[in-house]
Amino acid sequence: MVDSLGVAVVGFGWMGRVHTQAYARVPHHYPSLGLRPRLVAVAEEVPGRAEEAAAQFGFESATRDWREVARDPRVRAVSITAPNFLHREIGVAMAEAGKHIWIEKPVGLSAADARAVTDAVARAGVQGAVGFNYRNAPAVEAARELIASGELGTVTHVRVRLFSDYAAHPEGALTWRYEKERGGSGVLGDLASHGADLARFLLGDIESLTADTAVFIPERARPTGATAGHTRATGGELGPVENEDYVNCLLRFASGARGVLEACRVSVGEQNNYGFEVHGTRGAVFWDFRRMNELGVSRGVAFQDQPVSTVYVGPGAGEYGAFQPGAANAMGYDDLKVIEAHRFLRSIAEGRPYGATLPDAVRSAAVLEAMTESAQSGAWVSVPA
């Protein structure tokens, strides 16, 4: 017997839409899951947007006030996809109301915010999932298994990159994303948070780091109306960009491995160039998000001039089999969020966590705060355990 689970989405920009579509698709890809999500409520403060979402996706009710969702007895699980500065308040309130939460990264504006939500979830005895979706790629999970198997030898170093051009246009509107009070960090929270999680997912804890940051577009025009995504604005009053466009960072892992993490939101010519290169004493593995279902793998005993083979992942890798029947059939970004939704719902059904959790968000936030401290001091900084 399949139980119905009332779910709500708070914040209906692009990511709220992605979460909603993921809930709708879970029963098709995971028919044996004992829970069937039911779209109960959607909350969005922009006038008319929640009603549009309800009409398009079939939510039973719409509101501009997320507090109504917290009070709604029909809602048992909530996706929190509102702007960063609201994550702590909404996350704590939903947990205290007994709702399971699936929250987008970064979880608030600081490690303290992430810890507050984590503690609230623990006190309430509910499940909490975090939107570190890139670790859900079947090829990434296959790479992790390859590293753990020892086939690459002892891992010596890794490079993690996250380059994008979503903020490269000088007419990009000065939204909350560029303000410290509402957005917190810039590319640190938006992209480097994924990089920190990927690095930990693949190689384990980061012990210390040194970082440098920069703002390359120091002023932007304020928008004159409601925005969604990365809207352009012209003619408006110019205001300062308060958080970083770029970060580079040297990492030292607890294992002894070394790393480089680099992220930029204003990289002209780069569209979602995310990936990693992991090198060991006997081999290497390479992954590029834009070729999400492939790995470059070098292994053997040649060492010098050892070739790299292209490996297409298939049903034996991660959750690939829930989407495609054979290797080299493409999966896409939204599929990663379906995997995430399934793991969140499975956590609720079984009462134990699957996938990225709130403690993972706390660890990522600690790495980001160490980057900020290092960029300000110019020194190596230890990452709190």
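What you see is a predicted model; the values in this text were computed from it and never measured. One-based numbering along the sequence shown.
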Measure the [atom1]-[atom2] distance between [X] and [Y] for me, rounded to the nearest 0.5 Å.
| X | Y | atom1 | atom2 | value |
| --- | --- | --- | --- | --- |
| Asn84 | Asp190 | CG | CG | 8.0 Å |
| Ile217 | Asp245 | CD1 | CG | 6.0 Å |
| Leu336 | Asn136 | CG | CG | 6.0 Å |

In plain terms, say whether [X] and [Y] are close enough for a salt bridge, that is, a side-chain N and a carboxylate O under 4.0 Å apart.
| X | Y | answer |
| --- | --- | --- |
| Glu104 | Lys337 | yes |
| Arg200 | Asp205 | yes |
| Glu277 | Arg161 | yes |
| Arg265 | Asp165 | no |
| Lys105 | Asp197 | no |

### Task
List for me each residue that meets salt bridge (Lys or Arg N to Asp or Glu O under 4.0 Å) alongside Glu350, sequence neighbours excluded, and say none if there are none.
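Checked Glu350 against salt bridge (Lys or Arg N to Asp or Glu O under 4.0 Å); matches are Arg346, Arg352.
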Indicate if [X] and [Y] have the same hydrophobic cluster label, given that clusters are the connected sets of ILVMFWY residues with side-chain heavy-atom separations under 4.5 angstrom.
| X | Y | value |
| --- | --- | --- |
| Tyr134 | Leu368 | yes |
| Leu251 | Phe276 | yes |
| Val187 | Val367 | yes |

### Query
Do Arg290 and Asn273 get their side chains close enough for a donor-acceptor pair, meaning under 3.5 Å?
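A donor-acceptor contact under 3.5 Å links the two side chains.
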### Query
How would you list all residue pairs meeting ring-ring contact (aromatic ring centres under 6.0 Å, His included) that involve residues 52-77, not counting sequence neighbours?
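Applying ring-ring contact (aromatic ring centres under 6.0 Å, His included) to every pair that reaches into residues 52-77, excluding sequence neighbours, yields Phe12-Phe57.
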### Task
Check the pair Val107 / Asp113 against side-chain contact (heavy atoms from CB on, under 4.5 Å), numbers first and verdict last.
CA-CA 7 Å; Val107 180; Asp113 284 354; 5.9 Å; no
### Task
Check each of Arg49, Arg64, Glu52 against Glu44 using the side-chain contact (heavy atoms from CB on, under 4.5 Å) test, and report the only one that passes.
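For Glu44, the side-chain contact (heavy atoms from CB on, under 4.5 Å) test succeeds with only one of Arg49, Arg64, Glu52, which is Arg49.
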### Message
Looking at Glu141, I want to see if its CD is surrounded by more than 12 non-hydrogen atoms of other residues, nucleotides or ligands under 6.0 Å.
### Response
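Enclosed.
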### Task
Inspect the surroundings of CZ in Arg291 and state if more than 12 heavy atoms from other residues, nucleotides or ligands are less than 6.0 Å away.
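Not buried by this count: 12 neighbours or fewer within 6.0 Å.
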### Message
Pair Arg135, Glu340 - check salt bridge (charged side-chain N to carboxylate O under 4.0 Å, His left out), show working.
### Response
CA-CA 10 Å; Arg135 63 154 64 188; Glu340 205 165 272; over 6 Å; no
### Message
My understanding is that only residues two or more places apart in sequence, or in another chain, count here; which of them pass side-chain hydrogen bond (donor to acceptor under 3.5 Å, both in side chains) with Arg71?
### Response
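Not a single residue meets the side-chain hydrogen bond (donor to acceptor under 3.5 Å, both in side chains) criterion with Arg71.
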### Task
Check which hydrophobic residues are tied to Phe303 through side-chain heavy-atom contacts below 4.5 Å, counting indirect links as well, and list them.
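ILVMFWY cluster around Phe303 holds nothing else.
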### Task
Taking the six-membered ring for Trp and the single ring otherwise, decide whether the centroids of Tyr166 and Trp14 are under 6.0 Å apart.
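Between Trp14 and Tyr166, which both carry aromatic rings, the centre distance is not below 6.0 Å.
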### Message
Strictly by side-chain hydrogen bond (donor to acceptor under 3.5 Å, both in side chains), give each pair with a member in residues 363-385 just once, sequence neighbours left out.
### Response
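Qualifying pairs, neighbours excluded: Thr210-Ser374.
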Could you list the donor-acceptor pairs under 3.5 angstrom formed between side-chain atoms of residues 310-326 and any protein atom two or more places apart in sequence or on another chain?
from, atom 1, to, atom 2, distance (Å)
Glu319, OE1, Tyr30, OH, 2.9
Glu319, OE2, Arg343, NH2, 3.3
Tyr320, OH, Gly326, O, 2.6
Tyr320, OH, Ala328, N, 3.4
Tyr320, OH, Asn329, N, 3.0
Tyr320, OH, Asn329, O, 2.7
Gln324, NE2, Ala330, O, 3.3

